[in-house]
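The structure appears right after this line, and notes come after that.
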Number of protein chains: 2
Amino acid sequence: MSVVRSQGYDGASLAQLSKASGLGKSSLYHHFPEGKDDMVAAVLDHLETTLDATVFAPLRAPGPPATRIKRMNGSLLVFYREGREACLLASLGIGDSSRRFHPRVKQLFRRWIEAIAHALRDGGVPRGQAQLRAEEAIVRIEGSLVLARSLDDPAIFQRALKSLPELLAS
Amino acid sequence: MSVVRSQGYDGASLAQLSKASGLGKSSLYHHFPEGKDDMVAAVLDHLETTLDATVFAPLRAPGPPATRIKRMNGSLLVFYREGREACLLASLGIGDSSRRFHPRVKQLFRRWIEAIAHALRDGGVPRGQAQLRAEEAIVRIEGSLVLARSLDDPAIFQRALKSLPELLAS
DNA sequence: GGTATATTGTACCGATCGTTCTGACGCCCA
DNA sequence: TGGGCGTCAGAACGATCGGTACAATATACC
């Protein structure tokens with residue numbers, strides 16, 4: 001998982017994936033007969049599962065929207081190692097080789113936005129407003145990950161997360 | 001220029017750089033004797049020159065801060081083709097192969113933040129506030145580029161730019 | 001223990017990678 | 001005209017890429 005998001009699709013060689021997974025190349029090909037694409041798809045599957053469990057589900061659970069946002073924030077802090085990790089979805093947007101994953105990347109971002117918007121609507125925010133604010137939240141998350149890593153300053157990510165409750169308040 | 005930012009460092013092959021520049025490989029090596037790194041450094045030089053001329057200088061020019069922000073926005077719309085292009089600085093943050101450019105990426109982001117903060121301070125915003133807001137502006141720019149491209153929706157980038165004047169108002 | 005299946009190691013493949021080298025060509029100037 | 005220099009094409013290089021094939025090893029079950 002970590003290799004693809006930090007190296008991108010093109011930078012993630014089979015040798016690196018092998019090393020990171022602890023499996024030899026032949027084992028990797030055995031488990032993923034379609035090769036590298038299978039492996040990256042599995043990484044995406046894993047991301048989706050994680051986001052479903054730790055971000056989307058809490059956002060869709062009953063309870064005050066502020067609590068839900070807070071839970072999302074907690075998950076993101078862990079998942080992005082407080083701003084020190086890149087976002088796999090963004091990494092997969094670099095280069096033509098990873099183009100086949102674009103529909104899934106798109107879908108995941110959409111689901112994320114929709115989950116945030118859902119929480120906002122539950123709190124009384126009208127549909128259009130909820131959508132725009134949810135989108136803005138993802139913009140801040142993604143942008144702050146880029147900047148935090150570029151400036152070696154994870155606090156930037158943490159500040160962005162801290163700004164979300166107010167942005168997403170009813 | 002376009003190849004490295006859209007493909008990233010690892011995805012930008014010499015064949016692609018050759019094609020994009022209209023120079024054969026031997027010509028490329030003639031002009032850039034240190035190889036791929038020279039070429040990417042030249043791309044970064046060009047970015048720096050462009051940002052200096054079209055973004056940093058307008059932000060540092062005399063005049064109302066709002067006007068300066070507006071001019072930056074105009075430049076960014078053109079430079080990022082209204083949200084359809086990736087940011088080179090972000091692309092160079094993916095993968096270990098491009099690590100040698102990290103200091104320059106960092107420096108450019110810093111200068112950008114500082115240029116925005118400078119405009120804010122000229123408008124009477126206290127130093128600490130100016131810094132945080134400038135950083136937030138870059139977060140929005142970078143994040144909206146990631147999301148606009150991932151969702152095939154350049155309007156997201158445009159919306160983020162449109163939000164900057166208010167964020168950066170005195 | 002024997003058999004079937006899963007897992008893994010290793011060698012090899014063709015393609016592409018970034019790079020180097022050499023020679024050809026064109027232009028300019030004395 | 002000849003020489004120097006810049007530019008470029010094309011071949012070749014060693015390394016790495018993603019992938020394949022086959023044999024060896026490990027595991028599970030009867």
Side-chain angles (χ1 to χ4, degrees), chain A residues 1-49 85-105, chain B residues 1-49 85-105:
Chain A
M1 161 68 102
S2 205
V3 171
V4 183
R5 70 175 166 174
S6 64
Q7 306 294 323
Y9 184 91
D10 290 313
S13 65
L14 262 288
Q16 287 175 316
L17 292 170
S18 166
K19 191 175 169 189
S21 63
L23 298 175
K25 266 210 303 187
S26 48
S27 292
L28 281 179
Y29 277 95
H30 180 79
H31 290 284
F32 304 104
E34 301 305 313
K36 189 171 179 176
D37 285 351
D38 256 6
M39 296 169 211
V40 174
V43 170
L44 258 181
D45 290 342
H46 180 70
L47 174 67
E48 183 162 21
T49 302
E85 295 287 350
C87 175
L88 178 67
L89 299 175
S91 298
L92 287 179
I94 304 291
D96 292 335
S97 314
S98 52
R99 175 156 294 163
R100 70 191 59 95
F101 298 106
H102 181 71
R104 288 196 66 187
V105 168
Chain B
M1 161 68 102
S2 205
V3 172
V4 184
R5 71 175 166 173
S6 65
Q7 305 295 325
Y9 185 91
D10 291 312
S13 65
L14 262 287
Q16 286 174 318
L17 292 170
S18 166
K19 190 175 169 190
S21 63
L23 299 175
K25 275 212 290 192
S26 49
S27 291
L28 281 179
Y29 276 95
H30 181 82
H31 291 283
F32 304 103
E34 301 305 312
K36 188 170 179 177
D37 286 350
D38 256 7
M39 296 169 209
V40 175
V43 169
L44 256 181
D45 290 343
H46 179 70
L47 173 67
E48 183 162 22
T49 302
E85 294 288 351
C87 175
L88 178 67
L89 299 176
S91 297
L92 287 179
I94 303 292
D96 293 334
S97 313
S98 53
R99 178 156 291 164
R100 68 189 61 90
F101 298 106
H102 182 71
R104 289 196 66 187
V105 167

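Computation of the quantities below employed the complete heavy-atom set of this structure, encompassing side-chain atoms and omitting hydrogens, waters and symmetry-equivalent molecules. Throughout, a chain's letter reflects where its sequence line sits, starting with A, and its residues are numbered from 1. In this text the structure is predicted, and so the values were computed from the model without any measurement.
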Q) Does A:Phe101 offer a backbone N or O that forms a donor-acceptor pair with the side chain of A:Ser98 under 3.5 Å? A) no
Q: Could you state the atom-to-atom distance from CG of B:Asp38 to P of C:dT20 in whole Å?
A: 11 Å
Q. How many Å lie between NE2 on B:His31 and C1' on D:dA9, as a whole number?
A. 13 Å
**Q.** Whole-Å distance separating the OH atom of B:Tyr29 from the P atom of C:dT19
**A.** 3 Å
Q. Separation of B:Leu28 atom CG from C:dG18 atom P, in whole Å?
A. 11 Å
Q) Any Lys/Arg nitrogen of B:Lys36 or B:Asp10 sitting under 4.0 Å from an Asp/Glu carboxylate oxygen of the other? A) no
Q: Taking B:Glu85 for its side chain and B:Ser6 for its backbone only, find out whether a donor-acceptor pair lies under 3.5 Å.
A: no
Q: Indicate whether any N or O donor in one side chain lies under 3.5 Å from an N or O acceptor in the other, for B:Tyr9 and B:Asp37.
A: yes
Q.
Go nucleotide by nucleotide along DNA chain D from the 5' end; which of A:Ser26 and A:Ser13 gets its closest nucleotide reached first?
A. A:Ser13
Q. What is the distance from CG of A:Asp10 to P of C:dA15, rounded to the nearest Å?
A. 20 Å
Q. With respect to the side chain of A:Lys36, which nucleotide from C:dT8, D:dG18, D:dC8 is positioned closest?
A. D:dG18
Q) What is the distance from CG of B:Leu14 to P of C:dT20, rounded to the nearest Å? A) 11 Å
Q | Any donor-acceptor N/O pair under 3.5 Å between D:dG19 base and A:Lys25 side chain | A | yes
(Q) Taking the minimum atom-to-atom distance to the side chain of B:His30, which one of D:dG19, D:dT7, C:dT7 wins? (A) D:dT7
(Q) Please classify the nucleic acid contact of B:Ser27 as base, sugar-phosphate, or nothing, using heavy-atom distances under 4.0 Å. (A) base
Q: Round to the nearest Å and state the distance from B:Leu17 atom CG to C:dT19 atom P.
A: 10 Å
Q: Give the nucleotide from the list C:dT8, D:dG18, D:dC8 with an atom nearest to the side chain of A:Leu23.
A: C:dT8
